[in-house]
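Proteins get letters first, then strands, A, B, ... in listed order; numbering begins at 1 in each.
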Protein chains: 2
Amino acid sequence: MDALDRKILAVLQTNARASLQEVGQAVGLSSSPCWERIRKLEAAGVIEGYTVRLNAQALGLHETVLVQLTLDSHTDNTLEKFGETLAAIPEVVEAYLVSGEYDYLLRVAVKDTRDYERLLRERLYKIKGIRHSKSSFVLRTLKKADLPL
Amino acid sequence: MDALDRKILAVLQTNARASLQEVGQAVGLSSSPCWERIRKLEAAGVIEGYTVRLNAQALGLHETVLVQLTLDSHTDNTLEKFGETLAAIPEVVEAYLVSGEYDYLLRVAVKDTRDYERLLRERLYKIKGIRHSKSSFVLRTLKKADLPL
DNA sequence: GGTGAAAACGGGCGGAT
DNA sequence: ATCCGCCCGTTTTCACC
């Protein structure tokens, strides 16, 4: 992982479909060594995969909600079960176990507030051991950036 | 945007580098209409671009911090200036204006706690008009998923 | 670790159904 | 609107530096 690798990653972050020649040109290399480096970055697990950046609005996902959760118990078992439960809820896009006054933060993407109410009632509140929950609706997304390199 | 388009998007979410033939096979179409549909989804802005999923750990970004911020003022001007300031800080990966008891939530990716302390001192605390801030360190990432389709 | 060229592959566009 | 096939660019390999 040298400076050239980071440059390559930066290019791929902005356009993962750039041809190897474009990548090479951008970093000052020909296509073959670029390909070799990318292959190694994939093998090393630095590159986990390639995705598409989608417009949530265009897909009808008009509301994003940030949910703070506190659980009753904090055993290994609880954490694992909770993780599995969240994994099964497609609307839960991100989930973090955090330090501080609450335990978990979720980012949830839903069609509208009615959809969120249903999710809360039928999915989240059905989870055993939730002591407390607080929902904050996203009013505006100010930034959504790639990882700093 | 029909069911086929959603299927195509689902395939691209898991692997944006899948060949058109692979995508076609997965959705039950040949490559040409797939390409046509993808082109239209790009033109319509549903597909905003293609990125690479990177392993933050492997890049030396060992800490993720969720920062709650409250500002003094809430005018249009304040919001805009604040947005521009955040845009210039590469470690700020996500930033939301939210409803509730605090105003903004940031997700910040840094090398370590020392790095975060520097960011806080040299960048965030330099922002005029911050009334309050609260940092929560991510102890475990439970989920990082694509948008639900 | 880099280049450059050759072979294999897939994307991009026509015409037919 | 989907399929088929042709052509050209790109990916991937390989011998050489």
Neighbour count above 12 (heavy atom, 6.0 Å) for B:D2 CG | yes

To the nearest 0.5 Å, atom CZ of A:F82 lies from atom OG1 of A:T85 at 7.5 Å

Listed in order of residue number, which residues of residues 24-42 of chain B have a non-hydrogen atom at under 4.0 Å from DNA chain D?
-> B:L29, B:S30, B:S32, B:P33, B:R37, B:K40

Nearest whole angstrom, please: distance from the P of D:dG9 to the CZ of A:R17.
-> 19 Å

May I ask you to check whether over 12 heavy atoms, not counting those of B:R17, lie within 6.0 Å of atom CZ?
-> yes

Is a side-chain N or O of A:K143 found less than 3.5 angstrom from the main chain of B:L106, in a donor-acceptor match?
-> no

Locate the shortest heavy-atom distance separating A:I130 from A:L124; write the atom from each residue and the value.
-> CD1-O, 3.3 Å

Rounded to the Å, how far apart are A:Q21 CD and D:dT11 C1'?
-> 9 Å

At a 4.0 Å cut-off to heavy atoms of chain A, the contacted part of DNA chain C spans C:dG1 to C:dA5

Can you name the salt bridge (Lys or Arg N to Asp or Glu O under 4.0 Å) partners of A:E94, sequence neighbours left out?
-> A:R107, B:R107, B:K144

Considering only heavy atoms, which members of residues 5-14 of chain B lie under 4.0 Å from some atom of DNA chain C?
-> none

Per side-chain contact (heavy atoms from CB on, under 4.5 Å), B:L29 is matched among B:R37, B:E36, B:Q21 by B:R37

How long is the span from the CG atom in B:D103 to the CG atom in B:L97, to the nearest 0.5 Å?
-> 7.0 Å

Where are the stems of DNA chain D, defined as at least 3 consecutive Watson-Crick or wobble G-U pairs with both distances under 3.5 Å?
-> C:3-17 with D:1-15

Taking CG from B:L20 and C1' from D:dC8, how many angstroms apart are they, rounded to a whole number?
-> 15 Å

Would you say the side-chain atoms of B:S31 pair up with the backbone N or O of B:L20, donor to acceptor, closer than 3.5 Å?
-> no

Separation between CG of A:L86 and NZ of A:K81, rounded to the nearest 0.5 Å | 13.5 Å

Restricting to pairs with a member in residues 117-131 of chain B, which pass salt bridge (charged side-chain N to carboxylate O under 4.0 Å, His left out), not counting sequence neighbours?
-> B:D72-B:R131, B:D115-B:R118, B:E117-B:R121

Between the side chains of A:Y96 and B:S136, does any donor sit under 3.5 Å from an acceptor?
-> no

Taken to the nearest 0.5 Å, the spacing of A:I47 CD1 from A:D5 CG works out to 9.0 Å

